[in-house]
Amino acid sequence: MKWTAIPFAGEWGIATSFFQTAADEARVLSARPAVELRDEQRDERRDDQKRKPVPARAQEMAEQVKGQIGSVEGVSRVDAVKGYLNVYYRTSEYAQRVVDEVLASRADFGRGAAKGERVMVEYAQPNTLHSIHIGHARNTVLGEALARLTEFAGFETIRASYPGDLGLGVITVMWMYEKFYKGQEPQGVHERGQWLLKLYVEANVLLEKKENETPEQTAQREAYEAERREMYRKYDAGDASVRELWRVTREWALEELQDVLRILDVKMDVWFYESEVDEPSKAIVEELIAKGIADDERPQGGAVIVKIDEKLGLTKEKYRTNVILRRDGTTLYLTKDLALAKVKFEKYHVDRSIYVVDVRQSLHLQQAFAILKLWGFPQAEKCYHLGYGFVSLPEGAMSSRRGRVVLFKEVYDEAIKRVLAVESERSGNVPEGEREEIAKQIGLGALVYSMLAVDNNKDIVFDINEALSFDGRTGPYIQNAHVRANSILKKSKVESQKSGDLGPLTFDYELTKHEIELIEQISQFPAKVQQAANEYRPLVMAQFAYDLANAFHSFYHAVPVLQTEDEKIKNARLSLVAAAKQTIANALRLLDVQAPDVM
RNA sequence: GCCCCCGUAGCUCAAUGGACAGAGCGACAGCCUUCUAAGCUGCAGGUUGUGGGUUCGAGUCCCGCCGGGGGCGCCA
């Protein structure tokens, strides 16, 4: 029998339906030969049952079962309604169980049992040529929330970053620097990152073919292009000065990435650099040729390719054919991803490998997974591409090449500014010395939540006013619930105390619907953790955090706590507030959002 | 041409095949001498793009159509 929560507010319990049973019965009755029925004494009644619509019969069954159930421990009543059997819990016992569990487990409330499975989440893969924009931020936040969820749900989790520190884009910035900006170096980690982006944009203007070029312009552009190609060649050949230039500019970019990760409270376990998988991936190409998976067309002046559909025996085109080694012997994105997967499987022994990558790369990753399967890696089945919609601007797609991007750091700074601007009017309780820190937590909370509160596959048109809204279904709304709970506890002076310190806890009084709704939300947290982790969807947790905060705000408004005269009820409510505060904090933590005590 | 994703309230988005499709924003009307008003309460807003099918039951699964977006061997 499958039990689900009763979707009613105000009272909680579990329910099961009888539709399936009723439908099955109807099938059996109608399948039985009529002659057999005629022999039955009560065939008329059977005919009635047969004709009875399924919902009505299901209701009948529910009522029957209800009649057979006596009184059950912890259950207040059983109802049969609309084909469902509803079992309502005895409120006081259930409430006490939930609150006790939260206050006993604290930060571990909701943590799933160890699953004995190792998961690697790969995210934060920006190129090392420019500053982190808001699209990278979505990627990072999504990956981090997912990692926190899988970890808390009981999976051993490894966080991996895969910065693209190689390729034409990187060379382009190096060329621009060498030619026009040599010796310059802005101070400040982010200033330097943004400056690299500026160089990249300028270089692309110089290198891009324009309409109606004069012969001089064409010659100039081609000369630049030749220089860039030469630099790429020198890099490949291991030229000392070019390598040094590469090392220095790369470091500037990585320092900025590190700082963004610090701001977002992301601690990577493993760093895979594109430059480090480049060489090993060439050996893989040879192996794939030897195994008959890849076809070497170089003798005919072609590349090394894998005819994926053909090798898999598919007749319809699905994965198509892809190149794994250019005709000039250099590697591609796909080549390196194959090498990286091998490392993940063999060195880190991951059972599941999650790639948090833009949905536009879906085909490429599917191709990579298919080749891994051909290659004989059983883990290929456990590779999962968590695609997410891209972040665009009202004026169109973001383009690093054209410099049409919204930088993460700009939005972050703006967020802090806006919080500080409203802090004086909205909150009087923030100590002067903590204003900046609290403003960071709230500003970032708004930004992060706005990106997680949308399902992965949705594109986001970035609107800064929407992303930094502090009202309604937002990060600050949830943070505020945490703050209000904290405020009550602080005034009651039990904040740091354990549930036991409140005396024997009992909810043996008539609970208001707001208290019951709040307890119901709290009790759902562990299941939501599992759901969000299993479905790879931080949105589930974002939604839950809002619902929980919403239940708390309503409770806060309608139910007095400190003013309660009955000491027992007051203590029960205080413990409920403590449980709510803890659960909100746990949920926010999984969303990579800070839970301030004041705001 | 082939593949993938999406279409739900004016807007932005939710909804393990189950009960009455829910929130926020925006609009309107209330609530601060009561634990923080970044809040609460009320009101309004829907033929879930469309036509079939499967099912006791479809926003959800299958097929067709319409509309939007993305991708498709030497970019990443």
Side-chain angles (χ1 to χ4, degrees), chain A residues 2 4 6-8 15 17-24 26-27 53-55 57-58 81-84 86 125 127 164 166-169 274 297 302-308 316-328 330 332-334 336-337 357-364 366-367 387 389-390 419 422-423 425-429 442 446 453-455 457-461 463 466 469-477 479-481 483-492 527 531 534-535 539 542-543 546-547 550 553-554 556-564 577 598-599:
Chain A
K2 207 175 97 187
T4 54
I6 302 170
F8 293 147
S17 73
F18 291 88
F19 297 115
Q20 191 60 57
T21 321
D24 290 345
R27 243 192 307 278
V54 168
R57 177 65 186 133
V81 55
K82 292 179 184 171
Y84 288 85
N86 292 341
Q125 317 98 327
N127 284 328
L166 216 57
L168 192 61
E274 202 180 337
E297 294 183 342
V304 179
I305 62 168
V306 180
K307 293 174 181 168
I308 307 173
K316 266 169 59 180
E317 68 172 9
K318 179 160 184 181
Y319 299 108
R320 298 169 172 266
T321 296
N322 213 344
V323 175
I324 58 170
L325 196 70
R326 288 192 187 97
R327 76 174 67 186
D328 66 5
T330 54
L332 289 120
Y333 177 59
L334 182 60
K336 285 169 258 198
D337 245 333
V357 182
D358 189 325
V359 72
R360 284 174 291 193
Q361 295 178 28
S362 171
L363 179 59
H364 278 275
Q366 293 313 315
Q367 289 174 331
F390 49 93
V419 176
V422 297
E423 225 173 34
E425 64 178 80
R426 287 191 174 179
S427 54
N429 292 10
I442 296 167
V454 182
D455 214 346
N457 57 17
K458 289 270 184 192
D459 293 345
I460 295 179
V461 178
D463 177 335
E466 232 168 82
S469 166
F470 306 141
D471 303 316
R473 190 168 177 271
T474 65
Y477 175 96
Q479 291 172 317
N480 189 36
V483 166
R484 287 175 134 188
N486 180 65
S487 180
I488 293 175
L489 296 175
K490 206 156 90 187
K491 291 212 161 132
S492 77
Q531 191 196 341
N534 288 332
E535 296 177 5
L539 166 69
Q543 186 90 42
Y546 173 77
D547 290 341
N550 181 245
H553 279 305
S554 294
Y556 179 90
H557 183 264
V559 184
V561 177
L562 298 176
Q563 290 92 336
T564 310
V577 170
V598 288
M599 66 187 274

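Per chain, numbering begins at 1; letters A, B, ... match sequence-line order. All values reported here derive from a predicted model rather than from experimental measurement.
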Between [Y] and [X], do the side chains contain a donor N or O and an acceptor N or O under 3.5 Å apart?
| X | Y | value |
| --- | --- | --- |
| A:Ser469 | A:Asp471 | no |
| A:Gln366 | A:Arg320 | no |
| A:Asp24 | A:Gln20 | yes |
| A:Tyr333 | A:Glu274 | no |

Nearest of [options] to any side-chain atom of [X]?
| X | options | answer |
| --- | --- | --- |
| A:Arg320 | B:A15, B:G71, B:C35 | B:G71 |
| A:Ala303 | B:C74, B:C5, B:A19 | B:C74 |
| A:Val454 | B:C35, B:U12, B:A14 | B:A14 |
| A:Tyr546 | B:G24, B:A15, B:A38 | B:G24 |
| A:Asn480 | B:U34, B:G39, B:G69 | B:G39 |
| A:Asn457 | B:C35, B:G39, B:C6 | B:C6 |
| A:His553 | B:A38, B:C40, B:C2 | B:C40 |
| A:Lys458 | B:C75, B:A14, B:C40 | B:A14 |
| A:Ser554 | B:C74, B:C40, B:U16 | B:C40 |
| A:Glu466 | B:U12, B:A38, B:C40 | B:U12 |

At under 4.0 Å between heavy atoms, what does [X] touch on the DNA or RNA strands: base, sugar-phosphate, or nothing?
| X | value |
| --- | --- |
| A:Asp463 | nothing |
| A:Val559 | base |
| A:Arg473 | sugar-phosphate |
| A:Leu334 | nothing |
| A:Thr330 | nothing |
| A:Asp328 | nothing |
| A:Val561 | base |
| A:Lys318 | nothing |
| A:Val577 | nothing |
| A:Arg327 | base |
| A:Leu363 | sugar-phosphate |
| A:Gln361 | base |

Going by purine N1 to pyrimidine N3 plus the second Watson-Crick contact, or the G-U wobble pair, all under 3.5 Å, which nucleotide sits opposite [N]?
| N | value |
| --- | --- |
| B:G45 | none |
| B:C32 | none |
| B:C2 | B:G71 |
| B:C61 | B:G53 |
| B:G22 | B:C13 |

Nearest nucleotide by nearest heavy atom, which residue falls closer to the 5' end of RNA chain B, A:Gln543 or A:Glu274?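 So the residue in question is A:Gln543.
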For A:Gly164 and A:Val359, take the nucleotide of RNA chain B holding the closest heavy atom to each; which residue's nucleotide lies nearer the 5' end?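 It is A:Val359, whose closest nucleotide lies nearer the 5' terminus.
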Mind listing the closest non-hydrogen atom pair of [X] and [Y] along with its distance?
| X | Y | result |
| --- | --- | --- |
| A:Ser492 | A:Leu489 | OG-O, 2.8 Å |
| A:Ile324 | A:Leu332 | C-CD1, 3.8 Å |
| A:Ala542 | A:Ala453 | CB-CA, 4.0 Å |
| A:Lys82 | A:Phe19 | O-CZ, 3.3 Å |

Just how far, in rounded Å, is [atom2] of [N] from [atom1] of [X]?
| X | N | atom1 | atom2 | answer |
| --- | --- | --- | --- | --- |
| A:Leu539 | B:G22 | CG | C1' | 13 Å |
| A:Gln367 | B:C75 | CD | P | 14 Å |
| A:Asp547 | B:G22 | CG | P | 13 Å |
| A:Glu317 | B:C2 | CD | C1' | 4 Å |
| A:Asn322 | B:G71 | CG | P | 15 Å |
| A:Asp459 | B:G7 | CG | P | 12 Å |
| A:Tyr556 | B:C40 | OH | P | 12 Å |
| A:Tyr333 | B:C72 | OH | P | 12 Å |

Side-chain N or O of A:Tyr477 closer than 4.0 Å to phosphate OP1/OP2 of B:C40: yes
Taking OP1 and OP2 of B:C72, is either one under 4.0 Å from a side-chain nitrogen or oxygen of A:Arg360? no
Residue pair A:Arg484 / A:Ile488, side-chain heavy-atom distance below 4.5 Å: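 A:Arg484 vs A:Ile488: side chains apart.
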Check: A:Asn550 and A:Tyr477 side chains under 4.5 Å, non-hydrogen atoms: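 Of all side-chain heavy-atom pairs linking A:Asn550 with A:Tyr477, at least one is under 4.5 Å.
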Distance (rounded to the nearest 0.5 Å) between A:Asn322 CG and A:Ile308 CD1: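 A:Asn322 atom CG to A:Ile308 atom CD1 measures 6.0 Å (nearest 0.5 Å).
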Produce a footprint string for nucleotides 54-59 of chain B: one letter per nucleotide, 5' end first; B if the base is under 4.0 Å from any protein heavy atom, S if only the sugar-phosphate is, - if neither. --B---
With [atom1] as the reference atom in both, quote the distance from [N] to [M] in angstrom, rounded to an integer.
| N | M | atom1 | value |
| --- | --- | --- | --- |
| B:A14 | B:G24 | P | 16 Å |
| B:C63 | B:C4 | P | 10 Å |
| B:U48 | B:C11 | P | 16 Å |
| B:C25 | B:A44 | C1' | 15 Å |
| B:G59 | B:C72 | C1' | 31 Å |
| B:U8 | B:G49 | P | 6 Å |
| B:U12 | B:G30 | P | 30 Å |
| B:G46 | B:G10 | P | 6 Å |

Is the Lys NZ or Arg CZ of A:Arg57 less than 6.0 Å from the centre of A:Phe18's six-membered ring, within 45° of the axis? no
Taking syn as any angle within 90 degrees of 0 and anti as the rest, which one fits B:C66?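 Glycosidic conformation of B:C66: anti.
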